[in-house]
Structure formats: structure tokens, C-alpha cells
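We number each residue from 1, following the sequence as shown.
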Amino acid sequence: MDIAAQIDRLIELGVPHFAGLSPAQFRSLGAGLPDGGTVVVAPGLVRPRLLAPLLRHRDRPGFVVVDMTDLDEFADQVEVPTTGLYVIAEIDRGDDLRNWSPNEALPELAARGRRPLTLSEGISWLLQEPDRLERDACFMCIGTRKAGAKGLDARTPAIWISNGTGRDGAERRHAPKVGWCWAGNRHTWLGFASTPPA
């Protein structure tokens with residue numbers, strides 16, 4: 001999908017409203033962006049917690065898990081634009097890294113000459129290509145972390161599909177879910193999305 005079509009989709013989803021911009025103002029942010037990639041809504045323009053409900057899977061809206069009320073305190077740990085719109089390309093969902101822990105996957109991605117996706121990038125990718133989120137083949141966005149008193153918080157952001165159990169609620173079964181996993185834990189159904197460094 002070309003840049004203009006992607007921006008039109010973001011406008012249809014209502015993203016300019018969260019940025020406090022008119023559609024025309026929002027469209028102007030895309031001027032000069034290169035084709036051949038995915039448009040990312042930077043967190044300084046719209047926070048990921050506001051974008052998450054725009055995600056869709058089986059017509060169910062996305063949500064942020066209830067025990068991640070501090071999501072706005074998570075910040076990108078890689079060098080990317082902090083505001084406006086930008087483009088990333090050659091995104092890989094990281095299926096071959098399923099059942100790796102974030103602590104194991106981060107140096108492996110670096111060894112491959114890639115960097116992890118941020119949460120804003122992961123959400124932006126799914127806003128354009130919702131079919132990239134599949135049951136048993138979801139992904140983490142470990143380019144975004146929260147700073148703690150003794151280094152990084154052990155929670156690492158991920159996007160997967162809710163089973164509608166526990167605090168999610170049955171009404172959220174099959175909905176896209178923005179949550180977290182421990183940095184030292186492995187999950188057979190979570191890969192590590194990445195892109196080449198800018």
C-alpha cells in the first residue's frame with residue numbers, strides 16, 4: 001500500500017483526532033515520506049494506548065491489559081523519530097524466534113543486523129496489515145521498555161490475541177491485546193518483530 005493510501009487509512013480510523021489535527025493537517029505530515037514501507041505514528045504524536053483500541057481482529061477492537069496502567073511511562077529504547085510520522089520497511093514478525101526470551105532475542109537481532117520494533121511501530125504495522133496478527137504467531141515489541149530504579153523494568157511489551165479468559169473478559173475473546181511478558185520468559189506463540197536499523 002502506498003504512503004497516501006496508508007495515511008488515508010489512518011484518517012479513516014480517526015488517528016488525527018487523537019493528535020488534535022484536522023485530516024488535512026494530518027495528511028501534510030506525510031509529505032515527503034518515501035514509498036516502500038509502513039507509516040508509523042510516533043508516540044509523541046499519538047500514544048500507543050490511544051492507538052491500541054483501533055486495532056481489529058475478527059471485528060473485535062484492540063485493548064490494553066488492565067495491569068498495564070503505566071503504559072505511557074514506557075519509552076522507545078532505539079533511535080527513531082519521537083513525533084510526527086515516519087516509515088519503516090522490511091518488517092519481520094520474528095516467527096523463528098518464538099520460544100526465545102526477550103533477553104535472548106535482543107542480542108540475536110543485533111547479530112542479524114536488525115533492531116526490534118517499538119510498540120508504536122508494531123501497532124502501526126497492524127493498523128495497516130491486521131492479518132499479520134495470527135493466533136499462535138504473535139509478536140513482541142521489545143524496542144519499547146520502561147526505565148526502572150535499577151535499570152529497565154522487567155516487563156516487555158507484546159501484541160497478541162486474547163482468549164477472553166480472566167480479567168480480559170469473554171467479550172474480548174479474539175481481540176488484539178497489548179500486554180507484557182517478563183524479559184526472561186519464553187513463549188511458544190510470541191516472536192520478536194524487527195526491522196533494519198535506519
* Asked: So Leu71 and Leu119, side chain to side chain contact (heavy atoms under 4.5 Å, CB included) or not? Walk me through it.
  -> CA-CA 10 Å; Leu71 180 57; Leu119 184 56; 3.7 Å; yes
* Could you go step by step and tell me if Leu97 and Glu104 meet the side chain to side chain contact (heavy atoms under 4.5 Å, CB included) rule? -> CA-CA 9 Å; Leu97 295 176; Glu104 294 166 333; over 6 Å; no
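- No continuous path of ILVMFWY side-chain contacts below 4.5 Å connects Leu106 to Leu152, so the two sit in separate hydrophobic clusters.
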* What's the verdict on side chain to side chain contact (heavy atoms under 4.5 Å, CB included) for Ile91 and Ile88, showing C-alpha distance, side-chain angles and the deciding distance? -> CA-CA 7 Å; Ile91 302 171; Ile88 58 174; 3.7 Å; yes
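- Ion pairing between Arg60 and Glu171 fails under the 4.0 Å rule for side-chain N and carboxylate O.
- Annotation: the span from Leu55 atom CG to Ile159 atom CD1 amounts to 6.5 Å, rounded to 0.5 Å.
- Between the CZ atom of Phe74 and the CZ atom of Arg49 there is a distance of 13.5 Å, given to the nearest 0.5 Å.
- Checking Asp92 against Ser194 by side-chain atom types alone, no donor-acceptor pair falls below 3.5 Å.
- The two residues Ser22 and Pro16 have their closest heavy-atom pair at O-CB, 4.2 Å.
- In terms of hydrophobic clustering, with Ile, Leu, Val, Met, Phe, Trp and Tyr side chains grouped at heavy-atom distances under 4.5 Å, Trp180 and Leu190 are assigned to different clusters.
- Looking only at side-chain heavy atoms (C-beta outward), Pro157 and Val178 stay at 4.5 Å or farther from each other.
- Asp168 and Ser162 are linked by a side-chain donor-acceptor pair at a separation below 3.5 angstrom, with hydrogens and angles left out of the test.
- Hydrophobic clustering (ILVMFWY, side-chain heavy atoms < 4.5 Å, transitive): Trp100 and Leu109 are in one cluster.
- The shortest distance between side-chain heavy atoms of Thr38 and Gln6 falls below 4.5 Å.
- Leu45 is listed as a side-chain neighbour of Phe26, based on a closest heavy-atom distance under 4.5 Å.
- Side-chain contact check for Pro53 versus Phe63: every heavy-atom pair is 4.5 Å or farther apart.
- Under the 4.5 Å side-chain heavy-atom criterion for ILVMFWY residues, no single connected hydrophobic cluster contains both Phe192 and Ile123.
- Around atom NE2 of His17, no more than 12 heavy atoms belonging to other residues, nucleotides or ligands sit under 6.0 Å away.
- Heavy-atom neighbours of Asp59 CG from other residues, nucleotides or ligands within 6.0 Å: at or below the threshold of 12.
- No side-chain heavy atom of Thr156 sits less than 4.5 Å from a side-chain heavy atom of Lys146.
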* To do: With side chain to side chain contact (heavy atoms under 4.5 Å, CB included) as the test, would you mind laying out the steps for Cys181 and His187 before giving the verdict?
  => CA-CA 9 Å; Cys181 297; His187 297 278; 3.6 Å; yes
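- Ionic pairing of Arg9 and Glu12 is not present here: no N-O contact between side-chain nitrogen and carboxylate oxygen is shorter than 4.0 angstrom.
- Using a 4.5 Å cut-off on side-chain heavy atoms (C-beta onward), Leu51 and Val15 make contact.
- Atoms CZ and CE, on Arg93 and Met140 in that order, are 15.0 Å from each other to the nearest 0.5 Å.
- Counting only heavy atoms from C-beta outward, the side chains of Trp189 and Trp160 approach each other to under 4.5 Å.
- Remark: of the listed residues Gln77, Glu79, Glu121, Glu121 is the sole one forming a side-chain hydrogen bond (donor to acceptor under 3.5 Å, both in side chains) with Arg115.
- When only modelled atom types and interatomic distance are considered, Arg135 and Asn163 share a side-chain donor-acceptor pair under 3.5 Å.
- Contact of the Pro48 side chain with the Pro43 side chain is registered, since non-hydrogen atoms from C-beta on lie closer than 4.5 Å.
- The same ILVMFWY cluster, assembled from side-chain heavy atoms under 4.5 Å apart, contains both Val80 and Leu126.
- Salt-bridge check for Arg98 with Asp136: failed, with every basic side-chain N at 4.0 Å or more from each acidic carboxylate O.
- Looking at Asp153 and Arg145, no side-chain N of the basic residue comes within less than 4.0 Å of a carboxylate O on the acidic one, giving no salt bridge.
- Judged by distance alone, the side chain of Asp2 and the main-chain N or O of Ala5 form a donor-acceptor pair under 3.5 Å.
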